[in-house]
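Chain A is the first sequence line, chain B the second, and so forth, proteins listed ahead of strands; every chain is numbered from 1. Keep in mind that the numbers below use all heavy atoms, side chains included, and drop hydrogens, waters and symmetry copies. Treat the numbers as computed from the prediction; the structure is a model and nothing was measured.
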Protein chains: 2
Amino acid sequence: MSRLRSTILETSLQLFDQHGFHGVTVNQIVAASGTSKGGFYHHFQSKDELLFVIHDTFITYVLKEAGAANVIHTSPTAKIQAVIHSFVKVFDLYKPHISVFYQESNYLKPEYEERIKRKRDEFKDVIFGIIHEGQKSGDFRKELPLEVTAMAVLGMVNWIYKWYQQDGRYSIDEIAEVYIDLILHFLLPGSSDHLIRHMSKVPFFYDIK
Amino acid sequence: MSRLRSTILETSLQLFDQHGFHGVTVNQIVAASGTSKGGFYHHFQSKDELLFVIHDTFITYVLKEAGAANVIHTSPTAKIQAVIHSFVKVFDLYKPHISVFYQESNYLKPEYEERIKRKRDEFKDVIFGIIHEGQKSGDFRKELPLEVTAMAVLGMVNWIYKWYQQDGRYSIDEIAEVYIDLILHFLLPGSSDHLIRHMSKVPFFYDIK
DNA sequence: GATTATAGACCGACTGGTTGGTCTGTATGA
DNA sequence: TCATACAGACCAACCAGTCGGTCTATAATC
């Protein structure tokens, strides 16, 4: 990969993170990258392709990490811990990518959107798969509806990009630990009797034995 | 409020939800609203003000609901259940507002952004307050770091806008029930001994007695 | 009750500035 | 000599916002 291409990618990433995709013009990108229109369009077909490349490098990385963490562990409990840990850590490594990924993905041109969506679904399947496997084996609470639970997990992690800051009070590893603790607390079975007393009503899904 | 103004609001809401703020022109809005440029600018100072109004009506509603649910209950456990329930339900009532709220808020002009941010922080404080109160009283696990836990709660709920669909498999009330169950499972104290055995390491925050 | 005055609601052609993208030219290295 | 890498002037399209003007309804005046 050429030097200038990398520079453009890094620069535009920062600019998009700060001002959003539509808040940054190609002229601003080339100025900040120390190049020209010619340099930009030599490496990218369009501004839209640039947006796609940012999306793709990020989701490709996440997918690879999740896959790796998934295969080297055996039990669902170990898997979910490893995957969540690697996933949370991504927010430290790829913060600007992620901001763009979640904020601007609906501005992807259809053909690009399709390709990103496929990889994103693949990642989602990893999470769904682990939880599903854990429920089947009895490692995780069987009464929980898979889809809702999995989306809750994805949501709490994904939302990190909205508030995490590198110089914040907790390190990314500490945040990962807390999240894993929270997730295991609602995934792993254990006497729920003492909890039911505190609930205003017994949840609809508890009768699924 | 005038008829046309409402029409413009509803129409643009739908359009923004589908194509994003920058994916919709004022001309498209007026065409879809059956009016003209003149009609539009008679009711709104600018396209930016329209964006602000959408943000404001939504966050004002959420804040009011949360406040109400917060005061009529006494224990932290009851409060968190009520607030989460009302919060989750919002995603059924205000789905387009929410999409715009979370997708386009960084395109708000500074003066508008400031006003929205204030209300959003107010809402965040309600959640933080309840969890903090619960930890002090011993209703909730004291070892959990407040900030991280609260953001996890906010994250899992907020993310609903990305996947919830009215005709989906679970109703909004069912989703709320599941979420409350999950949250109570990690907030309420209970023997964690059996969980620790499944964790790859004891979390850093467990020694805070 | 007829006429006039006034205000608010709305219309739509027009504009000034911006933006993504193109095209021709040049430098460099093989 | 040819291909690649980049420069920067230029362009056509687009878009938020403006502005002079119309239409309607209600109020004021006689």
>> On the nucleotide C/dC10, are OP1 or OP2 found under 4.0 Å from the side-chain N or O atoms that B/H43 carries?
In response: yes
> Can you check the B/E49 CD to D/dA16 P distance for me, whole Å?
Replying inline: 15 Å
> Which nucleotide in the set D/dG17, D/dC6, C/dG21 lies at the smallest distance from any side-chain heavy atom of B/S46?
Replying inline: D/dG17
>> Nearest whole Å is fine: how far is D/dG8 P from A/Y41 OH?
In response: 17 Å
>> So, OP1 or OP2 of C/dC11: does either fall under 4.0 Å of a side-chain N or O from B/S36?
In response: yes
> Could you give the CZ-to-P distance, from B/F40 to C/dC11, as a whole number of Å?
Replying inline: 13 Å
> Roughly, in whole Å, what's the span from NZ in B/K37 to C1' in C/dC11?
Replying inline: 12 Å
> If every non-hydrogen atom of B/G20 is compared with every non-hydrogen atom of B/E104, which pair is closest and at what distance?
Replying inline: CA-OE2, 3.3 Å
> Looking at D/dG17, C/dC10, D/dC15, which one has an atom nearest to any side-chain atom of B/H42?
Replying inline: C/dC10
>> From the set C/dC10, C/dT22, D/dG17, return the single nucleotide nearest to any side-chain atom of B/T35.
In response: C/dC10
>> Can you measure A/N27 atom CG to D/dC10 atom P for me and round it to whole angstrom units?
In response: 15 Å
> Under 30°, 30 to 60°, or over 60°: which ring-plane class applies to A/F87 and A/F123, parallel, tilted or perpendicular?
Replying inline: perpendicular
>> Rounding to an integer number of Å, can you tell me how far A/R5 CZ sits from D/dT4 C1'?
In response: 15 Å
> Within this structure, what is the CG-to-C1' distance between B/D48 and D/dC15, rounded to whole angstrom?
Replying inline: 13 Å
> Hey, does A/V24 reach any base, or is it just sugar-phosphate, or nothing, if we go heavy atoms under 4.0 Å?
Replying inline: sugar-phosphate
>> Which residue in the set A/Y107, A/Y112, A/F101 passes ring pair (Phe, Tyr, Trp, His ring centres under 6.0 Å) when paired with A/F52?
In response: A/Y112
>> If you assign each of A/K47 and B/G38 to its closest nucleotide in DNA chain C, which residue comes earlier from the 5' end?
In response: B/G38
> A/S86 and A/V83: which non-hydrogen atoms are nearest, and at how many Å?
Replying inline: OG-O, 3.2 Å
> Separation of B/Q28 atom CD from C/dG12 atom P, in whole Å?
Replying inline: 18 Å
>> Over 60° means perpendicular and under 30° means parallel, so tell me whether B/Y161 and B/Y102 are parallel, tilted or perpendicular.
In response: tilted
